[in-house]
Amino acid sequence: QSALVHTFNGIPFSTRSSKELLHTLDSFEAREDDVLLVSYPKSGTHWLAEILKNLYRTQQGANGCGTVTLTSPIEFGDPSKYEDLRNLPSPRLIPTHLNYKMLPVQLKTKKCKMIYIIRNPKDTAVSLYHYYKDNPNLPTVDKWTTFLEMFLRGEVVCGSWCDHIVSWEEHKNDDNVLILYYETMKKDPTECVEQISTFLGVNLTSEQIDDITRKSSFNEMKEQAQKEKVDANNTVCALTSNKRLIFRKGTVGDWKNHFSTRQNKLFDERFGERMNSSELAKSIEYES
Ligand code: A3P
């Protein structure tokens, strides 16, 4: 196995998530107003983070006070991070790629708000493939075919996509959980921003919602990332601090440019078997 990846609880993690930290996740002290931003890698985490950041900033700008802190992912770093997180002002927006079972227990007992973004697994696999190729924090992969096999076996960082979704299945209707789909966000971003603001109890005018939608568009975010300096401590995804690696295509259906007919059939068979009874998987769209 590559020195860049280690296995914890049977799940491959980047070595940017230390074993010590993963062992002590339950010692994380949650606050009731923490907002968790959850995703399997490459599902639109940065996009959602940008929307949330702008949403709070707009609200607080109107009130003339307050801050919002977008923290690094819970699973990033070593246990010294708990101290750093303790010193941050509320509300904290906390990203994570952890599955439901691995979430620090206090986030569950304090019923913190959690937003889970899901992307269709074919585009997710393609996006992750390119991430493996471009990201120096991940092992190199050569062929798409080889990577797809790894993805189907769940032998990629953060493990099996199916396991991740299934771990959230029984919490999809919890009052503190909002489920979003990447494809729906692409189709109607304004509606999704509205939905998020309602969920968080943030009141915004339609002009403010439009403004947030514009600021968090793919082109706007990509352009912004080119200008920003790379800051090693600033990371939304535990797998990189370099935002320039994030904005590749930002479309729905790029999988069609990668999957052969045979690969598509195999994928549908394997996923069909596993996700048969998943309501979350049933709602997924594969084309724009
Ligand atoms: P692609 O590789 O298909 O382009 P994450 O933030 O979870 O790492 O997900 C990254 C994926 O989300 C990338 O997909 C990226 O282009 C896409 N993405 C990032 N910002 C986006 C935005 N504002 N709108 C649409 N897609 C976006």
Side-chain angles (χ1 to χ4, degrees), residues 14 16-17 36-55 70 72-76 93-99 115-138 141 144 147-148 151 156-159 161 164-165 179-193 196 209-228 230 234-259 284-288:
S14 152
R16 285 161 61 90
S17 299
L36 207 61
L37 217 151
V38 199
S39 59
Y40 184 82
K42 314 319 291 172
S43 303
T45 326
H46 288 79
W47 186 11
L48 184 57
E50 188 67 19
I51 292 174
L52 288 171
K53 216 169 56 184
N54 282 312
L55 205 135
L70 178 62
S72 65
I74 307 176
E75 68 274 22
F76 172 68
L93 305 178
I94 312 173
T96 183
H97 290 318
L98 292 174
N99 66 35
I115 308 182
Y116 186 41
I117 179 164
I118 302 174
R119 187 181 195 185
N120 84 65
K122 292 181 189 175
D123 281 335
T124 304
V126 167
S127 183
L128 193 55
Y129 166 62
H130 289 284
Y131 207 36
Y132 262 73
K133 283 174 83 90
D134 299 341
N135 187 342
N137 298 315
L138 291 171
V141 284
W144 159 244
F147 181 80
L148 183 61
F151 186 84
V156 291
V157 275
C158 299
W161 180 92
H164 207 280
I165 300 288
I179 308 284
L180 293 175
Y181 289 90
Y182 180 97
E183 294 74 21
T184 318
M185 274 172 58
K186 279 297 287 188
K187 219 179 261 174
D188 197 344
T190 312
E191 165 88 34
C192 286
V193 173
I196 298 169
I209 292 193
D210 285 345
D211 189 50
I212 294 169
T213 307
R214 203 167 35 245
K215 282 189 184 140
S216 55
S217 72
F218 178 81
N219 288 338
E220 200 53 50
M221 285 183 69
K222 180 169 183 159
E223 210 169 290
Q224 204 53 43
Q226 306 298 336
K227 291 186 209 150
E228 272 172 37
V230 177
N234 197 341
T235 171
V236 173
C237 167
L239 306 170
T240 190
S241 303
N242 183 358
K243 280 215 202 139
R244 284 171 216 161
L245 296 174
I246 300 298
F247 307 97
R248 194 183 62 89
K249 276 195 167 179
T251 57
V252 178
D254 192 33
W255 63 270
K256 292 182 189 162
N257 301 317
H258 292 74
F259 281 69
I284 292 175
E285 292 175 39
Y286 288 83
E287 328 196 359
S288 50

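One-based numbering, in listed order, for ligands and for the atoms of each. Hydrogens, waters and symmetry mates play no part in the numbers below; they use all other heavy atoms, side chains included. Here the structure is a predicted model, which means the values were calculated and not measured.
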Does the Y181 side chain pair with the main chain of N120, one donor and one acceptor, at a distance under 3.5 Å? no
Measuring from non-hydrogen atoms of Y131 to any atom of ligand 1, is the shortest distance under 4.0 Å? no
Which residue and atom name correspond to the protein heavy atom nearest atom 6 (O) of ligand 1, and how close is it? H46 ND1, 2.7 Å
Would you tell me which option among Y40, W47, W255, Y182 has the nearest heavy-atom contact to atom 12 (O) of ligand 1? Y182
Any heavy atom of R119 sitting closer than 4.0 Å to ligand 1? yes
Go through the steps to decide whether K186 and E183 satisfy the test salt bridge (Lys or Arg N to Asp or Glu O under 4.0 Å), and finish with yes or no. CA-CA 5 Å; K186 279 297 287 188; E183 294 74 21; over 6 Å; no
Applying a strict 4.0 Å limit to heavy atoms, is C237 in contact with ligand 1? no
Looking only at non-hydrogen atoms, find the nearest pair between V252 and S288 and report the distance. CG1-N, 3.6 Å
Region of S39 engaging ligand 1 - heavy atom pairs below 4.0 Å: neither
Parallel under 30°, tilted from 30 to 60°, perpendicular over 60°: which one fits the rings of Y129 and F147? tilted
Nearest heavy-atom approach of H46 to C237 is CE1-CB, 3.6 Å
Give the atom numbers and elements of ligand 1 that come within less than 4.0 Å of a heavy atom of S217. 23 (N)
Test your reading of the model: is there a side-chain donor-acceptor pair from S14 to the backbone of L239, 3.5 Å cut-off? no
Ranked by distance from atom 8 (O) of ligand 1, the top protein heavy atom is K42 NZ, 3.0 Å
Run the numbers for me: atoms of ligand 1, each under 4.0 Å from some heavy atom of M221, listed by number. 23 (N)
Which atoms of ligand 1 have any heavy atom of K249 under 4.0 Å away? 4 (O), 16 (O)
Heavy-atom pair with the smallest gap, counting every atom of T96 and E75: OG1-OE1, 2.8 Å
Out of all atoms in ligand 1, which are within 4.0 Å of some heavy atom of F247? Include the element for each. 16 (O), 19 (C), 20 (N)
Nearest heavy atom to atom 15 (C) of ligand 1: which of I246, V126, V252 does it belong to? I246
Which of the numbered atoms in ligand 1 are below 4.0 angstrom from a heavy atom of T45? 5 (P), 6 (O), 7 (O)
Residue pairs fulfilling side chain to side chain donor-acceptor pair (under 3.5 Å) with at least one residue in residues 250-259, sequence neighbours excluded: H130-H258, R248-D254, K249-D254, D254-N257, K256-E287
Hey, looking at atom 1 (P) of ligand 1, which of S216, P41, S127 has the closest heavy atom? S127
Working to the nearest 0.5 Å, report the span between CH2 of W144 and CZ of F151. 8.0 Å
